[in-house]
Protein chains: 2
Amino acid sequence: MASVLRHSSRLGIRATCLALPRSRNAYATAAPYFNNEPSQPSVMTSIPGPVSKKAIEELDSVFDTRSLNVICDYEKSVGNYLADMDGNLCIALNSNPYSQIASIPVGYNNPHLIATMSSKEAVNTLVNRPALGNFPPGYWASLLKTGILAVAPKGLDQVFTAMAGSDAIETSYKAAFIYRRRIERGEGVSFTPQEIESVMKNQTPGSPELAIMSFKKAFHGRLFGSLSTTRSKPVHKLDIPSFNWPHASFPQLKYPLEENIQANKMEEERCLAEVEDVINSWYCPIAAVVVEPIQSEGGDNHASPAFFQGLRELTQREGILFIVDEVQTGVGATGKFWAHEHWNLKSPPDMVTFSKKAQTAGYYFGNPMLRPNLPYRQFNTWMGDPARAILFRAIIQEIVRHDLVKNTAETGDYLYRELEKLSSKFPERIQNLRGKNRGTFIAFDTPERDAFLKKMKTFGINIGGSGETAVRLRPMLVFQKHHG
Amino acid sequence: MASVLRHSSRLGIRATCLALPRSRNAYATAAPYFNNEPSQPSVMTSIPGPVSKKAIEELDSVFDTRSLNVICDYEKSVGNYLADMDGNLCIALNSNPYSQIASIPVGYNNPHLIATMSSKEAVNTLVNRPALGNFPPGYWASLLKTGILAVAPKGLDQVFTAMAGSDAIETSYKAAFIYRRRIERGEGVSFTPQEIESVMKNQTPGSPELAIMSFKKAFHGRLFGSLSTTRSKPVHKLDIPSFNWPHASFPQLKYPLEENIQANKMEEERCLAEVEDVINSWYCPIAAVVVEPIQSEGGDNHASPAFFQGLRELTQREGILFIVDEVQTGVGATGKFWAHEHWNLKSPPDMVTFSKKAQTAGYYFGNPMLRPNLPYRQFNTWMGDPARAILFRAIIQEIVRHDLVKNTAETGDYLYRELEKLSSKFPERIQNLRGKNRGTFIAFDTPERDAFLKKMKTFGINIGGSGETAVRLRPMLVFQKHHG
């Protein structure tokens, strides 16, 4: 953050307030994870520079480049630093879109990952890609147990593997619907002829009127079921048909938290009451409530453990499944491996989804009843990618070896404290600082946000926004104090 | 087929009729692609054998194994032969579920694929996985042009990359809806405040009432949008909410085709009239019609080029997009690279989806208007997997090097002719033989189908069914006459 803030002192308008007076070395307390990282960003051209511009033009003739941020040279990227085609090296302080939209946890060209994916096992799995539901490899159980399941959230010992975040979410919704109808129908009761006939016409009762509830500003993906629960931005949803599924308000907390305890408590109670009200008044039964531990795409909106405990209790009481979407928050970024570990729930969520930093995707569950009563109800050709599961195992090994969750907690605490000091000094510039004790999952609001972000990029500091006015930090797990 | 049929002579019931009297060597005309393939299947234990049983039990504690067919030893698999954990070697004549559900085109442990995925380029792409929409690698344009786009169907020079078949289909539907509203709204016209407000509640007009039309017995995937167009089996759909989208009848042709020309013509005209009728009477506009060139999961149902030409003309006349789902049929299996090339369309489909044998997924399109008017409307974190795109390029290279599309056409013709002879000899055993001039995409109906399939497995011949009564062949592209 120091270098971020130091560079910001060279900015014209608002960012000047972020300059830190201390020298960079004062923060270099831990040994670096990457000895071959540069000591600082280096930007020699405008971004995009001439080589990049030419490459973008070539790409655009066949592939939409309007969302393109940087055209990259991944061979020259290292650790926290991303290289572009003009030889500029930027530090990936933010992971949306930097660090590949929060999906690179342990650094570019991590040597352990390179060794793993060069191994005979990985190559074999890539070229002989198993259809996991029909033809799992002999090592699949062991790969799951030493990889994906070794980090399963407490109380959840089963996994359904998928390809990407949206698939993970949609298959968890399917599991919720199948479970709901199983309970309603009664164990061992077969489908009726009416159900079998009507479902082929997409009609009730075979294709039932059931819903998933989500929250305002939520982001859960972009396919048809997941998009029906996404509420972050209209541009994601416009013109796409959606299910008539409901949402409730997510708490809008006031900051600093310590000074708004009572107001925030009331706000969370109001939101819980709204959830209960929607459950009881919606035109059809609600099979599950889905929630992000921290709403990310929607603007880094936090709620207290009490709110989530209340949600868990409420859903349990109402017989509704509770799905925690950890696609963004999972795998260490909040200073715990799973963000929902911060809540100390009495009973675990029914399902927890993962993707991004896991480099593979899916959902965890614990209740054996969440396995459908028949095979092929929850099934597809590949059912995930075991090569990516091998990569996730290597990522876990790196996280353990370097104690990266602890590093992230500590680096996050440091960044938070520094920003807190700045916020007291320049309260109009750094507003609503949030993410205390949530690792590096830190954000604040600032006026003229977009101008600030643009300027920072010219110094090789990739920092990004979320929601309307937030600046959010999302460094990799290998981001250290000396990168600040 | 010879060995299939030779083995079948040892079967009890129905399969005896399939025995061929000629010696195996009579068919070994072409040089084998894999010199290290065994000369025949070898089955030493029951399937699953003792080692496999133990492995399945271990796996089942954490992962649903009820759809498991074989637990595999991919290191020992080679070419067309799949090894299990007990050392049995089965020949993969059928690809659903064999050949990993039609998704392994050029043989297990193909040396060129091993070399490709061991390369520095592939490993770099695996460990530094780019978020392609924001951070494409510099080589992305060239990788697309020399890989995925080098085999683009005629008239379609753009690609949207995705992860798996369902994603490919769902994103093509999204493109169709966005396009439809763009045309309705008029070029350059912005979203209205009402649209922006209503879409966040999943309501019209922002979230419009629009539909995709599919066909009876179609299979297009299992996520919420794709599943709403899937109509193959109730078990795929039961208990899952769906969109109120329509379907029309797919032709049910009579065989042999030569003897039923007039009846089949009338049947196809009836189906086209039904499509037109649904378009004109459905409660909401239809944005696209989606169709498989050969309905695969639904029972290997074929229609003539005239039917598809009629569909193309009809959709064009009605201003409806025409999506050809080549997830199963694409990449050579029908004796052309894309099955729809058999139709000689005057103008290309609007979109063609691919996955499976491509080892990556997505959809091709040609019309620049199918790029949404704004970025981030069709977007996700990874937007496909460039490592898998590298693999697809290597697969294409293998297909070209060995002229495998031609091989598949020739092997298919041979298999078809032999089955035709058997069908004349045993008309009650081999009924409705289909797939003439469609490469190895061959199927027939047989009574007591399931008993037949089960018995064949005990001889190491993996052959499978589709629909209610069909036996279908789906060998890899490297399946040769001498494997028969």
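Just so we're on the same page: letters track the sequence lines, and every chain starts at 1. Just so we're clear, the structure is a prediction, and the values are computed from it rather than from any experiment.
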**OP:** Output the option from B:P205, B:S242, B:A176 having the highest count of non-hydrogen pairs under 4.5 Å with chain A.
**Re:** B:S242
**OP:** Using atom types as modelled and distance alone, determine if a side-chain donor or acceptor of A:S198 lies under 3.5 Å from a backbone N or O of A:G206.
**Re:** yes
Subject >> Student check: side-chain heavy atoms of B:K237 and A:S207 closer than 4.5 Å >> reply: no
Original post:
Given a strict heavy-atom distance threshold of 4.5 Å, which part of A:D84 is in contact with chain B: side chain, backbone, both, or neither?
Top reply: neither
Original post:
Do the side chain of B:S214 and the main chain of B:T229 share a donor and acceptor less than 3.5 angstrom apart?
Top reply: yes
**OP:** Would you check if A:P234 and B:F191 make a side-chain contact, meaning some heavy-atom pair closer than 4.5 Å?
**Re:** no
Original post:
Where on A:F243 is there a heavy atom nearer than 4.5 Å to chain B: the side chain, the backbone, both, or neither?
Top reply: both
**OP:** Under 4.5 Å heavy-atom distance to chain A, tell me which part of B:L144 shows up: side chain, backbone, both or neither.
**Re:** side chain
**OP:** Measure distances from A:L149 to the heavy atoms of chain B and classify the residue's part below 4.5 Å as side chain, backbone, both or neither.
**Re:** side chain
Original post:
Excluding sequence neighbours, so at least two apart, what forms side chain to side chain donor-acceptor pair (under 3.5 Å) with A:D86?
Top reply: A:S52
Subject >> Toward chain B, the part of A:W140 with a non-hydrogen atom under 4.5 Å >> reply: both
**OP:** Please check if atom NZ in A:K233 has more than 12 non-hydrogen atoms from other residues, nucleotides or ligands closer than 6.0 Å.
**Re:** yes
Subject >> Heavy-atom pairs under 4.5 Å with chain A, option from B:P208, B:A394, B:P368 with the top count >> reply: B:P208
Original post:
When heavy-atom pairs shorter than 4.5 Å are enumerated against chain B, which of A:P137, A:S166, A:S142, A:A287 gives the highest number?
Top reply: A:P137
**OP:** Please tell me if the side chains of B:R185 and A:D239 come closer than 4.5 Å, counting only heavy atoms from C-beta onward.
**Re:** yes
Subject >> Option in A:I178, A:I395, A:D60, A:V327 with maximal non-hydrogen atom pairs under 4.5 Å from chain B >> reply: A:D60
Original post:
What residue, out of A:E58, A:M117, A:R231, A:K120, has the most heavy-atom pairs lying under 4.5 Å from chain B?
Top reply: A:R231
Original post:
So which of B:S119, B:A55, B:S226, B:S228 has the biggest tally of heavy-atom pairs under 4.5 Å with chain A?
Top reply: B:S228
**OP:** Measure from the side-chain N and O atoms of A:D73 to the backbone N and O of A:A83, and report whether any donor-acceptor pair falls under 3.5 Å.
**Re:** no
Subject >> chain B contact via A:K201 - which portion, at a heavy-atom distance below 4.5 Å >> reply: both
Subject >> Segment of B:N128 engaging chain A (4.5 angstrom heavy-atom cut-off) >> reply: both
Subject >> Which atoms of A:E209 approach chain B - backbone, side chain, both or neither, heavy atom under 4.5 Å >> reply: neither
Original post:
Taking NZ, NE, NH1 and NH2 as the nitrogens, is one of them in A:D64 or B:R377 under 4.0 Å from a carboxylate oxygen of the other?
Top reply: no
**OP:** Could you have a look at B:C72, B:G165, B:G225 and say which one has the most heavy-atom pairs with chain A under 4.5 angstrom?
**Re:** B:C72
Subject >> Residue, of B:L374, B:V127, B:V62, B:L113, that accumulates the most heavy atom pairs under 4.5 Å with chain A >> reply: B:V62
**OP:** Give, as side chain, backbone, both or neither, the part of A:Q359 having an atom under 4.5 angstrom from any heavy atom of chain B.
**Re:** both
Original post:
Top residue by heavy-atom pair count (under 4.5 Å) with chain B, among A:I71, A:V235, A:T125, A:I240?
Top reply: A:I240
Original post:
Looking at A:G138, A:P136, A:A122, which makes the most heavy-atom pairs under 4.5 Å with chain B?
Top reply: A:P136
Subject >> Pairs of heavy atoms under 4.5 Å with chain A: top-ranked of B:N109, B:V51, B:L223 >> reply: B:N109
Original post:
Under 30°, 30 to 60°, or over 60°: which ring-plane class applies to A:F224 and B:W245, parallel, tilted or perpendicular?
Top reply: perpendicular
Original post:
Under a 4.5 Å heavy-atom cutoff, which of A:R371, A:E170, A:K216, A:H236 has the most pairs with chain B?
Top reply: A:R371
Original post:
Do any N or O atoms from the side chain of A:S67 and from the backbone of B:G133 form a donor-acceptor pair under 3.5 angstrom?
Top reply: yes
**OP:** Measure distances from A:M163 to the heavy atoms of chain B and classify the residue's part below 4.5 Å as side chain, backbone, both or neither.
**Re:** both
**OP:** Count the heavy atoms belonging to other residues, nucleotides or ligands that lie under 6.0 Å from CD of A:E57, then report whether that count exceeds 12.
**Re:** no
**OP:** Below 4.5 Å from any heavy atom of chain B, which atoms of A:S61 appear? Answer side chain, backbone, both or neither.
**Re:** both
Original post:
Does any non-hydrogen side-chain atom of A:H112 lie less than 4.5 Å from one of A:T116?
Top reply: yes
Original post:
Does any heavy atom of chain B fall under 4.5 Å from the side chain of A:L210, the backbone, both, or neither of them?
Top reply: both
**OP:** Step through the shown structure and confirm whether more than 12 heavy atoms of other residues, nucleotides or ligands are within 6.0 Å of NZ on B:K145.
**Re:** yes
Subject >> Which atoms of B:Y74 approach chain A - backbone, side chain, both or neither, heavy atom under 4.5 Å >> reply: both
Original post:
chain A heavy atoms under 4.5 Å from B:L126: which part of the residue, side chain, backbone, both or neither?
Top reply: both
**OP:** Return yes if some donor-acceptor pair links the side-chain N/O of A:R222 with the main-chain N/O of A:L227 below 3.5 Å, else return no.
**Re:** no
